[in-house]
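To start, the structure itself, in structure tokens.
Basis for what follows: all heavy atoms, side chains included, without hydrogens, waters or symmetry-related copies.
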Amino acid sequence: MRILRLELEGFGPYLDRQEIDFTAFETEGLFAITGKTGAGKSTILDAICFALYDKVPRYEKAEPVLRSHFCGEDDATSVTLDYELGTLQYRVWRSPAYERAKKRGTGTTTKGAEAKLYARRGADWEILAAMPREVAEHVAATVPLTGEQFLQVILLAQGRFAEFLKADTAERRTVLRSLFGTRRFEDLEQHIREIAKTKQAAVDAADAQLAGLVERAAALTGVDAPPVAERDAFWDATGSALAEAVTLATAARAEASAVADAAAATLNEAREVERARERLSRARATVSDLESRRDEQSAREARVASARRAVPVMGPMREAERASRAATEATEALARAREVAAADAVARLAWPAGGLETAGEDALRERESELAGEIGALSGALAAERSLPGLETAHTRATEDASKAAGAVAETREALDALPARETELRASLEAAGTTAARVDDLAGAVERAQASVDAHATVGRLRSGLDTARAAEATAAESHAAAASAHAALVQRRLRSQAAHLAAELEDGTPCPVCGAIDHPSPAQPSDDHVTDEAVDAAYESLQAADRVLAGARDGRAEADRTLTAAREKAGEGDAESAASTLEAARTEHAAALAAASERDRLARELEALASREATLTTRLEEHTRAVAVAQDAVTRAATELASARELAAHRPEGYATVAAYADALTAAKSLLAQLTAATAAADDATAAHANATAALDEALASSGLASLDEVREASLDAAELARLEADAESHRSGLAAARAVVAELAERELPDQVADLDALAAAAAEAATARDTAIEAATSAASRANDLANLSRQYADLGESTAGARAERDAVATLADALEGKAPNERRLRLESFVLASKLERIVAAANTRLRTMSSGQYQLEHDDSAQYRGKETGLALRIADAHTGQARSTRSLSGGETFLASLSLALGLAETVTAEAGGIELSTLFIDEGFGSLDGDTLEVAMSTLNDLRDSGRTVGLISHVEAMHDAIPARLEVTKASDGSSRVAVKAGEVD
């Protein structure tokens with residue numbers, strides 16, 4: 001990586017824009033950054049780091065103050081850095097966030113941070129990113145060094161590498177971790193520790209479960225939970241005790257059950273005997289009662305038999321009575337129907353021969369069939385008559401459609417004939433509008449030129465005033481400059497005239513006079529009234545220089561106003577502002593007319609296109625209307641033919657009827673009249689026959705019943721409910737008597753004790769025995785349940801103990817591994833995993849550092865990597881010691897003197913830079929900056945250190961040194977000088993190859 005160019009503005013002590021071209025030092029290879037304390041030498045390194053990483057090393061633990069205190073409200077703050085990676089060049093521009101004045105109103109507002117990244121493509125810079133976040137991502141992708149690595153290998157900031165030399169293992173690990181990216185090993189340590197915690201948590205949970213099982217078993221047996229060491233004996237003792245309790249409870253349950261069963265059997269036997277005694281008593285009472293009601297039962301059975309004989313006759317008798325009523329009603333209905341038919345208006349049409357009241361059923365049905373035939377024959381004429389209104393309407397509509405179609409043909413043909421004239425008119429208008437519209441672009445250019453002329457005339461007016469102001473300022477500056485030059489010249493002349501007094505003011509006794517060489521000065525010249533001091537002359541000179549700068553600025557301003565006015569006059573052209581305004585107005589009018597013509601041209605073109613489309617549409621429409629005329633004429637012809645045919649059919653009807661429908665209605669009424677008369681005749685005949693049949697069936701049923709007459713039948717009959725009740729009572733008497741006699745016969749043979757049993761006493765004894773049995777069963781069940789629960793808990797305890805044995809072993813193994821990785825026991829060297837990895841890096845760094853330290857210390861000192869046990873058990877692995885060849889002893893790096901510390905630190909920093917470079921992929925580091933530290937070296941050691949730096953230069957690097965040591969300034973001809981201006985801000989000047 002090579003730093004090419006740095007530009008600062010409003011950054012730190014730098015107000016005005018400062019540009020540093022580092023390529024100017026590449027020939028020398030070694031340059032010094034010089035300047036007074038506080039001038040801003042280290043700010044140059046801050047700016048480089050800020051440009052790349054948006055961070056400043058000096059402000060790691062404080063709020064960065066990057067914007068210059070010299071900046072005004074409108075001054076910018078930015079840093080631009082050009083650097084090279086391989087064959088590619090990049091430019092990063094960055095501006096920090098800061099407070100600036102509001103553009104509107106009063107007060108300030110925060111301007112956000114900005115950043116841009118470019119890459120050189122030939123002679124141009126192509127932007128790669130335009131946001132701070134994007135720039136950071138691109139820099140991280142292109143620069144193979146992190147911010148920490150950059151500070152360790154390129155910007156060796158003041159005091160940073162000495163801190164690394166004297167750091168302890170933990171501090172040094174933090175630095176090396178950031179440089180070599182070994183945090184993953186710490187993450188691995190934490191990951192293993194988390195696994196160990198997880199394993200421990202699993203074991204703790206299992207222990208809690210085991211303790212819970214023991215507590216449950218203790219509660220089950222009513223004893224206290226034993227300590228962990230006594231748990232195995234606890235399980236054996238409680239198991240034996242509960243097994244014995246189960247045996248005793250089981251025996252007690254069997255004895256109580258036998259006693260309860262015997263008491264229950266005695267009670268059941270006594271209850272059975274008493275139930276039998278009670279049944280026998282009830283049965284004998286029932287037999288006596290039923291036998292005493294024998295006569296009542298005989299009468300009931302006789303009445304039931306009589307009612308049963310009447311049942312087959314009752315149905316035919318009721319049917320005969322109903323048939324008699326129906327025959328009478330049908331005969332009367334026939335007589336009424338014949339009277340109504342004779343009086344009906346259509347009677348003659350229905351029965352032309354006369355004598356309708358004597359007509360039989362068959363004759364009536366025959367005439368009814370004839371009328372149906374006549375009605376059917378009228379269907380054609382009737383349909384024709386009904387269609388007449390619709391046919392007449394269709395004929396009228398068809399005639400109207402034919403007329404409309406003919407009118408549409410004429411109208412369409414007229415519209416087609418008018419199209420050619422309209423087309424000719426449109427084309428003439430289109431040609432005229434196109435001619436005017438063709439000038440739109442030319443007229444737009446004329447408007448722009450006229451507007452530019454008007455604007456230029458306005459600018460000329462403003463610039464004339466500005467030129468007058470600039471000329472007045474130039475005259476004023478010239479007068480001030482002349483006055484300052486005159487004052488300075490007068491003071492110089494006066495100073496020359498009083499030079500003797502000036503020299504006398506510097507004479508000292510014993511010091512030779514610079515004029516005569518005498519060491520005695522008995523009568524030195526005294527200042528006169530015109531005496532002038534060097535300070536007054538210098539002040540006058542500074543005033544003259546300031547006036548000179550003001551005059552130069554005023555002349556530049558007047559010249560710029562002249563050039564601007566001349567350019568504005570060239571743009572304004574000839575003529576005055578009024579004529580330019582008139583020209584602009586005319587140009588705008590013509591341009592507007594051209595735009596309107598263009599719009600009209602487009603509209604006319606669209607109308608022509610629409611006209612062609614309309615012609616095609618009208619042609620198609622004319623063909624459609626012509627076809628419609630033919631179709632309509634055919635429809636008129638068909639409608640006229642159908643109407644004439646229908647009228648001819650509707651004319652066939654007898655005289656006396658206005659329409660075929662009226663004649664058909666009369667025939668239908670006559671047919672309905674005959675149908676009613678036929679139905680009445682058939683109903684009368686059927687009712688008479690049914691009455692005869694019912695009478696015959698009644699006679700037959702009466703003869704079969706054994707009853708003498710219908711009156712006897714009516715007397716013997718009962719309704720169904722009463723008959724069913726009597727039959728049920730008779731059957732109940734018979735069955736009850738038989739059942740009671742059976743019970744008496746059954747129990748009369750059985751020997752029953754004379755004495756009645758005391759059931760209450762027997763029941764109380766049985767209940768008491770049952771309670772004792774239930775209590776024994778509950779006790780035995782409880783004992784067995786507790787024994788079973790204890791056995792289950794014991795099995796769970798044994799199973800859980802076996803399953804957690806492996807977890808305990810894993811816990812112990814992982815915990816031991818975690819402790820070892822963290823440098824704890826059994827890790828006797830107390831070396832952490834990450835420190836072990838970084839130790840190999842440190843060994844390489846020490847090896848690289850010793851190649852220079854041996855040279856710079858004339859072979860006296862050499863760094864050693866120390867991974868031995870530390871004082872009071874401190875962390876080991878990354879300690880450093882310094883070996884002294886003069887004493888043969890190794891000691892702490894903190895025991896080095898200031899100069900020795902600087903040499904060791906510089907060697908270590910350079911070795912660290914080389915190692916980090918290799919780890920970063922072998923990136924070439926062409927630029928290196930070292931900030932301070934050389935003031936602690938004596939002359940010889942400084943010479944050796946310079947020799948080492950020259951070696952770096954000879955290897956192709958450009959090395960920049962920040963130092964106040966004058967000897968180094970003399971030895972390094974190339975330098976970057978930082979000075980303070982009169983306003984307090986800083987300036988930078990590049991001086992390559994110059995020697996004071």
Side-chain angles (χ1 to χ4, degrees), residues 267-329 686-760 762-763:
L267 175 63
N268 290 334
E269 184 179 355
R271 284 175 175 171
E272 178 60 26
V273 169
E274 296 307 317
R275 280 196 294 270
R277 193 192 307 277
E278 184 179 354
R279 284 180 63 205
L280 178 59
S281 177
R282 286 198 306 270
R284 286 173 176 172
T286 299
V287 169
S288 176
D289 178 62
L290 293 178
E291 285 180 348
S292 66
R293 289 185 287 169
R294 183 180 297 108
D295 294 341
E296 181 182 346
Q297 174 68 4
S298 298
R300 187 185 298 114
E301 290 180 352
R303 183 73 181 91
V304 168
S306 175
R308 281 292 179 189
R309 287 194 297 273
V311 168
V313 182
M314 290 302 296
M317 186 174 67
R318 286 193 291 270
E319 181 60 26
E321 292 174 351
R322 187 198 62 75
S324 176
R325 290 193 299 273
T328 301
E329 291 173 357
D686 292 342
T688 301
H691 180 256
N693 292 334
T695 301
L698 176 60
D699 294 340
E700 182 179 356
L702 180 61
S704 300
S705 66
L707 298 175
S709 65
L710 294 178
D711 291 338
E712 192 173 336
V713 170
R714 291 188 183 93
E715 183 179 354
S717 67
L718 293 172
D719 60 57
E722 181 64 16
L723 178 60
R725 185 187 64 78
L726 289 176
E727 287 181 338
D729 290 346
E731 179 60 27
S732 175
H733 185 276
R734 287 193 298 272
S735 61
L737 182 60
R741 286 173 176 172
V743 170
V744 171
E746 174 191 353
L747 297 178
E749 299 177 355
R750 184 173 176 181
E751 294 183 1
L752 299 176
D754 296 333
Q755 186 177 359
V756 178
D758 188 355
L759 294 180
D760 293 338
L762 292 176

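A pairwise comparison of heavy atoms in Ala740 and Val287 identifies CB-CG2, 3.4 Å as the closest pair. Residues Ala687 and Ala327 approach most closely at CB-CA, 3.4 Å, considering heavy atoms.
Shown here are the side chain to side chain contact (heavy atoms under 4.5 Å, CB included) partners of Thr695, two or more places apart in sequence or in another chain: His691, Asp699. Applying the salt bridge (charged side-chain N to carboxylate O under 4.0 Å, His left out) criterion to Arg294, with sequence neighbours excluded, gives no partner residue. Under the salt bridge (charged side-chain N to carboxylate O under 4.0 Å, His left out) criterion, Arg322 pairs with Glu319, not counting sequence neighbours. Qualifying salt bridge (charged side-chain N to carboxylate O under 4.0 Å, His left out) partners for Asp686, counting only residues two or more places apart in sequence or in other chains: none. Every residue was checked against the salt bridge (charged side-chain N to carboxylate O under 4.0 Å, His left out) condition with Glu329, not counting sequence neighbours, and none meets it. Residues satisfying the side chain to side chain contact (heavy atoms under 4.5 Å, CB included) test with Arg271, not counting sequence neighbours, are Leu267, Asn268, Arg275, Leu759, Ala763.
Side chains of Arg734 and Gln297 form a contact here, defined as non-hydrogen atoms less than 4.5 Å apart. Using a 4.5 Å heavy-atom cutoff, the side chains of His733 and Asp729 are not in contact.
Remark: the backbone N or O of Ala320 is not paired with any side-chain donor or acceptor of Ser324 at under 3.5 angstrom.
Residue Arg284 holds its CZ atom at 11.5 Å from OG of Ser288, rounded to the nearest 0.5 Å. Rounding to the nearest 0.5 Å gives a distance of 8.0 Å between OG of Ser732 and CG of Leu290.
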